[in-house]
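Below: the structure, in structure tokens.
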Protein chains: 2
Amino acid sequence: MLLSHTCSAQELEDALRVLEGRWKTLIIYHLFTAPVLRFSDLRRAVEGISQKMLIQQLRDLEENGVISRKVYPVVPPKVEYGLTKDGLALRPVLQALQTWAQSRSS
Amino acid sequence: MLLSHTCSAQELEDALRVLEGRWKTLIIYHLFTAPVLRFSDLRRAVEGISQKMLIQQLRDLEENGVISRKVYPVVPPKVEYGLTKDGLALRPVLQALQTWAQSRSS
DNA sequence: CAGTATCCCTCCAGATACTG
DNA sequence: CAGTATCTGGAGGGATACTG
């Protein structure tokens, strides 16, 4: 028994669904390196993502309580995205992934 | 700066690609709870996966050096899957995910 | 038991154009 | 700037049948 079974496969599956897809974890990563990013900032940061995919993934993450969206009623429009408390709690996951990524690229 | 930048987004992206999809992380999870599993064991463990998807994901993971495949030349056939050293190195990732999954389900 | 081989189809990613 | 709307091809993935 290498992992505790206090967490069921079902719980893990639910958590994985929140992060599923090619983009979500990368978006979260960039929100860790800079705590607040505007839509256009994210487009530049997440290389290769289309406008449509970005807004779609952002909406998903927001719905799942991982990121927050703050709209400033100004012209031109200004919207800032940041991590929620739940999103910030993902830091150990991202750090573990980084460590793994480095260990296998060497 | 909340995460170290010794790891580029590119490295992270490569690592994420290895784990991408609905099934791979779950397969790895089950190989952590039981260090060695046969094909039919995995089919039972990973609920809802089809034979085709299972073999496809297993091949992907094997190609990326995360799992190993051992064939016993017996009748009926016997094939065992397990984690490689690289796969075992994913334990902190899985553990962090578990912790997160539990914290948000509560 | 542990796969292959097909057929089929949905749905999502990507490109493009447009808007408040 | 921060989106929405629409079209499209192709991958993802299910069902079924077959095999060493």
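Below, chains carry the letters A, B, ... as their sequence lines are ordered, and counting in each starts from 1.
Across all strands, Arg69(A) comes closer than 4.0 Å only to sugar-phosphate atoms, never to a base (heavy-atom distances). At the heavy-atom level, Arg59(A) lies under 4.0 Å from the strands shown only through sugar-phosphate atoms. In this structure, Tyr81(B) reaches the sugar-phosphate backbone alone: every heavy-atom distance under 4.0 Å involves primed, P, OP1 or OP2 atoms, never a base.
With sequence neighbours left out, the side chain to side chain donor-acceptor pair (under 3.5 Å) criterion links Glu80(A) to Tyr72(A). Listed by chain and number, the residues in a salt bridge (charged side-chain N to carboxylate O under 4.0 Å, His left out) with Arg44(A) are Asp41(A) (sequence neighbours excluded). Residues passing the side chain to side chain contact (heavy atoms under 4.5 Å, CB included) test with Ser68(B), sequence neighbours excluded: Thr84(B). Applying the side chain to side chain contact (heavy atoms under 4.5 Å, CB included) criterion to Arg69(B), with sequence neighbours excluded, gives Arg59(B), Glu62(B), Val71(B), Val79(B), Tyr81(B).
As a whole-Å value, the separation of Leu42(A) CG from dG3(D) P is 10 Å. For the pair Leu37(B) CG and dA2(C) C1', the computed distance is 15 Å after rounding to whole Å. Distance CD (Glu20(A)) to C1' (dC12(C)): 12 Å, rounded to an integer number of Å. Rounded to whole Å, the distance from CZ on Arg43(A) to C1' on dA2(D) is 10 Å. In this structure, Ile55(B) places its CD1 atom 17 Å from P of dG12(D), rounding to the nearest Å. The nearest whole Å value for the distance from the CD atom in Glu62(B) to the C1' atom in dA2(C) is 14 Å.
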Should Gln10(A) and Asp14(A) be marked as a side chain to side chain donor-acceptor pair (under 3.5 Å) after you check the CA-CA gap, both sets of side-chain angles, and the distance that decides it? CA-CA 6 Å; Gln10(A) 183 57 56; Asp14(A) 292 342; 3.0 Å; yes
Between protein and nucleotides 13-20 of chain C, map the contacts as a letter string: B base, S sugar-phosphate only, - none, heavy atoms under 4.0 Å, written 5' to 3'. BBB-B--B
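In this structure, Glu13(A) pairs ionically with Arg17(A), as a charged nitrogen and a carboxylate oxygen lie closer than 4.0 Å.
Phosphate proximity of dC1(D) to Arg38(A): absent, as no side-chain N or O sits under 4.0 Å from OP1 or OP2. OP1 or OP2 of dC1(C) has not a single side-chain nitrogen or oxygen of Ser40(B) nearer than 4.0 Å.
Rounded to 10 degrees, the angle between the two end axes of the helix from dC1(C)-dG20(D) to dG20(C)-dC1(D) is 60°, with five pairs used at each end.
Between the CD1 atom of Ile49(B) and the CZ atom of Arg43(B) there is a distance of 9.0 Å, given to the nearest 0.5 Å.
For the pair Gln102(A) (side chain) and Thr99(A) (backbone), a donor-acceptor distance under 3.5 Å is absent.
The minimum heavy-atom distance between Gly87(B) and Phe32(B), with the atom names listed, is O-CZ, 3.6 Å.
Nearest to the side-chain atoms of Phe39(B) among the listed nucleotides dC1(C), dC1(D), dA2(C) stands dA2(C).
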